[in-house]
Amino acid sequence: LGAGRKEITSPIDLSAGILLKKKIGDVVNKGDTIAVLYTDMEDKVADAKVMLDDAITISATHVEKPKLIKAIVYKDRTVQL
């Protein structure tokens, strides 16, 4: 979509990216927007849609939302799970 670089000197388009409207475990109804693609490079949209479709699975069974924080590591190096 233009947000990455092919070379270190390539410019980054800060307006390009993907906004995810649904997350793992969210209910999705017919007609819901799952993601929004942002880009000024129209030639990138078709490939990005295919990659996004391949990355998303919609299931008829409920999926638990994953735990976002797996552990907390403190300054004294103790860990709370």
Side-chain angles (χ1 to χ4, degrees):
L1 296 173
R5 301 184 207 197
K6 290 188 178 184
E7 298 176 13
I8 193 73
T9 57
S10 300
I12 297 175
D13 182 352
L14 299 177
S15 66
I18 301 172
L19 172 63
L20 297 173
K21 301 290 240 172
K22 299 287 183 176
K23 295 181 177 62
I24 296 172
D26 286 352
V27 173
V28 177
N29 296 301
K30 186 174 182 175
D32 284 356
T33 300
I34 296 173
V36 180
L37 303 175
Y38 293 96
T39 186
D40 291 331
M41 300 177 174
E42 289 300 318
D43 60 317
K44 303 278 187 187
V45 173
D47 287 341
K49 283 183 180 179
V50 170
M51 289 176 17
L52 188 60
D53 284 345
D54 289 346
I56 294 174
T57 301
I58 297 177
S59 171
T61 58
H62 177 72
V63 176
E64 290 294 323
K65 291 185 178 191
K67 188 174 178 181
L68 295 178
I69 299 174
K70 307 283 184 193
I72 299 172
V73 179
Y74 295 96
K75 286 184 201 179
D76 65 0
R77 298 178 191 230
T78 58
V79 178
Q80 176 188 344
L81 299 177

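Under the 4.0 Å criterion applied to side-chain N and carboxylate O atoms, Asp26 and Lys21 are not assigned as salt-bridge partners.
A donor-acceptor pair under 3.5 Å is formed between the side chain of Asp32 and the backbone N or O of Asn29. For the pair Thr33 (side chain) and Ala35 (backbone), a donor-acceptor distance under 3.5 Å is absent. Counting only distance, with no hydrogens or angles, the side chain of Thr39 and the backbone of Leu1 share a donor-acceptor pair below 3.5 Å.
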Walk me through whether Leu52 and Asp54 qualify under side chain to side chain contact (heavy atoms under 4.5 Å, CB included). CA-CA 5 Å; Leu52 188 60; Asp54 289 346; over 6 Å; no
Take Tyr38 and Ile18 through the side chain to side chain contact (heavy atoms under 4.5 Å, CB included) test and state the conclusion after the steps. CA-CA 6 Å; Tyr38 293 96; Ile18 301 172; over 6 Å; no
Can you check side chain to side chain contact (heavy atoms under 4.5 Å, CB included) on Leu20 and Ile34, steps first, answer last? CA-CA 6 Å; Leu20 297 173; Ile34 296 173; 5.7 Å; no
List the steps and the verdict of side chain to side chain contact (heavy atoms under 4.5 Å, CB included) for Arg77 and Lys75. CA-CA 5 Å; Arg77 298 178 191 230; Lys75 286 184 201 179; over 6 Å; no
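Val73 is connected to Leu81 through a chain of hydrophobic side-chain contacts under 4.5 Å among Ile, Leu, Val, Met, Phe, Trp and Tyr, so both are in one cluster. In the hydrophobic clustering of ILVMFWY residues, with side-chain heavy atoms under 4.5 Å counting as a link, Val28 and Val63 come out apart.
Atom CG of Leu19 is surrounded by more than 12 heavy atoms from other residues, nucleotides or ligands within 6.0 Å.
Between the NZ atom of Lys44 and the NZ atom of Lys49 there is a distance of 16.0 Å, given to the nearest 0.5 Å. Note that NZ of Lys65 and CD1 of Ile24 are 10.5 Å apart. Values are rounded to the nearest 0.5 Å.
Asp40 is listed as a side-chain neighbour of Asp13, based on a closest heavy-atom distance under 4.5 Å.
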